[in-house]
Amino acid sequence: MGKEQWKAALKHLPLGRQYYFEQVGSTNDVAAKLLDEGAPHLSLVLADEQLEGRGRKGRKWITSRGVALAFSLILRPESGNIARNERLSLLSGLGGVAVSKALEKNYPLRVDLKWPNDVLIHGKKVAGILPESHWLGDKLCGVILGIGINVFPESVPEGVELNFPATSVIGELGEEISRPKLLANVLGELVEWYPRLESGDLLRAWEENLAFKGERVFLRGGDEAQVQGQVVGLDPDGGLQLRIESGEVKSFQVGEIRIRAVDISPK
Ligand code: BT5
């Protein structure tokens, strides 16, 4: 798809600079370099294909040519909302809320947000969010908010083992949609919600779509230590609140934690 089509779809948005690539390693890496070179707040890096797309903790994110959305937005501390700290957990929520609103407002779809960074439709992963902060000593230079969305059914990776069942927007909707229009809608939501990062509105919106609410889940840490509990909601920092065995409600932060449903069948 040509640069001009993307540009036309985004022309009404107050973005910084826009960079389009047919192919990159990872849009997050390109955006990090541009952040370093002084690209302004809300600059966008968009690619038609990623060869080394990344998930969290060294995992891979697959973006095949022309069938998905893969982009990164540069957020600068001068914008205010991330001036004091990087707010990575809330920024995962921001990405999730933006994708869910863009889909639910425009299509008859119900979207669930699996804490901390997965977007689900009908229990399958349709998008992933990867916020990464960049520091110079103890000075926050900025955050790169990376978002990958499976749009066409061909974007769902085949022949590779996935950590969660995957799907695509068109696969679930059953009708074709335009990638530039979806991108414009997601970016429009990001621009609208970013100033409300710490307002409580974002947390409420995130919680409304929180997957597994009231259900029992496992949280698995990096050391594979496991906690079981019932999903209660989110804490003010975007951590997950679980009612653990003792009845106590405890917060868990993103760190090295993975969430798994114990039993997601309807009760
Ligand atoms: C994520 O990580 O879900 C974050 C993905 C962020 C991707 C965007 S694309 C633009 C920007 N540039 C980048 O390089 N990254 C960001 P995580 O929760 O760690 O999930 C990764 C796991 O999802 C992998 O280990 C696979 O199992 C699975 N996976 C990989 N590609 C997938 C896809 N296209 N659809 C669904 N699942 C996928």
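What you are looking at is a predicted structure, and each value in this text was computed from that prediction instead of being measured. Values below: all heavy atoms of this structure, side chains included; hydrogens, waters and symmetry mates excluded. We count ligands from 1, going down the list as the structure has it; atoms in each ligand are counted the same way.
To the nearest 0.5 Å, the span separating CG on Leu234 from OG on Ser89 amounts to 8.0 Å.
Note on Leu69 and Ile144: separate hydrophobic clusters, where clusters join Ile, Leu, Val, Met, Phe, Trp and Tyr whose side-chain heavy atoms are under 4.5 Å apart, directly or indirectly. Residues Leu44 and Tyr194 share a hydrophobic cluster, clusters being chains of Ile/Leu/Val/Met/Phe/Trp/Tyr side chains in contact below 4.5 Å. The hydrophobic cluster containing Leu210 also contains Leu203, counting ILVMFWY residues as joined when their side-chain heavy atoms lie under 4.5 angstrom apart, directly or transitively. Transitive grouping of hydrophobic side chains (ILVMFWY, heavy atoms separated by less than 4.5 Å) brings Tyr20 and Val151 into a common cluster. Cluster membership for Ile149 and Leu103, using ILVMFWY side-chain heavy atoms within less than 4.5 angstrom, is shared.
Contacts of Asn117 with ligand 1, taken as heavy-atom pairs under 4.0 Å, involve the side chain alone. Looking at Phe164 against ligand 1, nothing comes within 4.0 Å, counting heavy atoms. Counting heavy atoms under 4.0 Å from ligand 1, residue Gln50 touches it through the side chain alone. Of all the heavy atoms of Asp118, the ones lying under 4.0 Å from any atom of ligand 1 belong exclusively to the side chain. Contacts between Ala68 and ligand 1, counted as non-hydrogen atom pairs separated by less than 4.0 Å, are absent for every part of the residue.
Residue, atom and distance of the protein heavy atom nearest to atom 15 (N) of ligand 1 are Arg54 O, 2.8 Å. Taking atom 29 (N) of ligand 1 as the reference point, the nearest protein heavy-atom neighbour is Leu162 CD2, 3.6 Å. Looking only at heavy atoms of the protein, atom 4 (C) of ligand 1 is closest to Ile129 O, 3.6 Å. The closest protein non-hydrogen atom to atom 27 (O) of ligand 1 is Asn163 N, 2.8 Å. In terms of protein heavy atoms, atom 35 (N) of ligand 1 is closest to Asn150 ND2, 2.9 Å. From the protein, the heavy atom lying nearest to atom 20 (O) of ligand 1 is Lys125 NZ, 3.1 Å. The nearest protein atom to atom 38 (C) of ligand 1, hydrogens excluded, is given as Trp61 CZ3, 3.4 Å; this is a heavy-atom distance. When hydrogens are left out, the protein atom nearest atom 30 (C) of ligand 1 is Lys60 O, 3.2 Å; that is the closest non-hydrogen contact.
Screening Leu90, Leu88, Leu91 against Ile82 for a side-chain contact (heavy atoms from CB on, under 4.5 Å) leaves a single residue, Leu91.
Ligand 1 is never approached by Thr63 to a heavy-atom distance shorter than 4.0 Å.
The atoms of ligand 1 that sit less than 4.0 Å from any heavy atom of Pro157 are 31 (N), 32 (C), 33 (C), 34 (N), 35 (N). Residue contact check: Leu130 has heavy atoms under 4.0 Å from atoms 6 (C), 15 (N) of ligand 1. Shown in contact with Arg56 at under 4.0 Å from a heavy atom are these atoms of ligand 1, numbered in order with element: 2 (O), 17 (P), 18 (O), 19 (O).
Stacking of Lys124 on the aromatic ring of Phe164 is not recorded, the 6.0 Å distance cut-off and the 45° axial limit not both being met.
Using a cutoff of 4.0 Å between basic side-chain nitrogens and carboxylate oxygens, Asp112 and Arg110 are scored as salt-bridged.
When every heavy atom of Ala31 is checked against every heavy atom of Ile74, the shortest pair comes out as O-CD1, 3.6 Å.
Ranked by closest heavy atom to atom 36 (C) of ligand 1, the top entry among Ala166, Gly146, Gly25 is Ala166.
Taking any N or O of Arg59, backbone or side chain, at least one lies under 3.5 Å from an N or O belonging to ligand 1. Close N/O approach between Ser26 and ligand 1 is found [any backbone or side-chain N/O within under 3.5 Å]. Note: an N/O pair closer than 3.5 Å links Ile62 and ligand 1 by distance alone. Polar contact with ligand 1: present for Thr27 (N/O pair, distance under 3.5 Å).
Taking 4.5 Å as the limit, every side-chain heavy atom of Glu49 sits out of range of all side-chain heavy atoms of Phe21.
Judged by distance alone, with hydrogens and angles left aside, the side-chain atoms of Asp237 form no donor-acceptor pair with the main-chain N or O of Gly239 at under 3.5 Å. Panel note: side chain Arg216, backbone Val231; no donor-acceptor pair is recorded below 3.5 Å.
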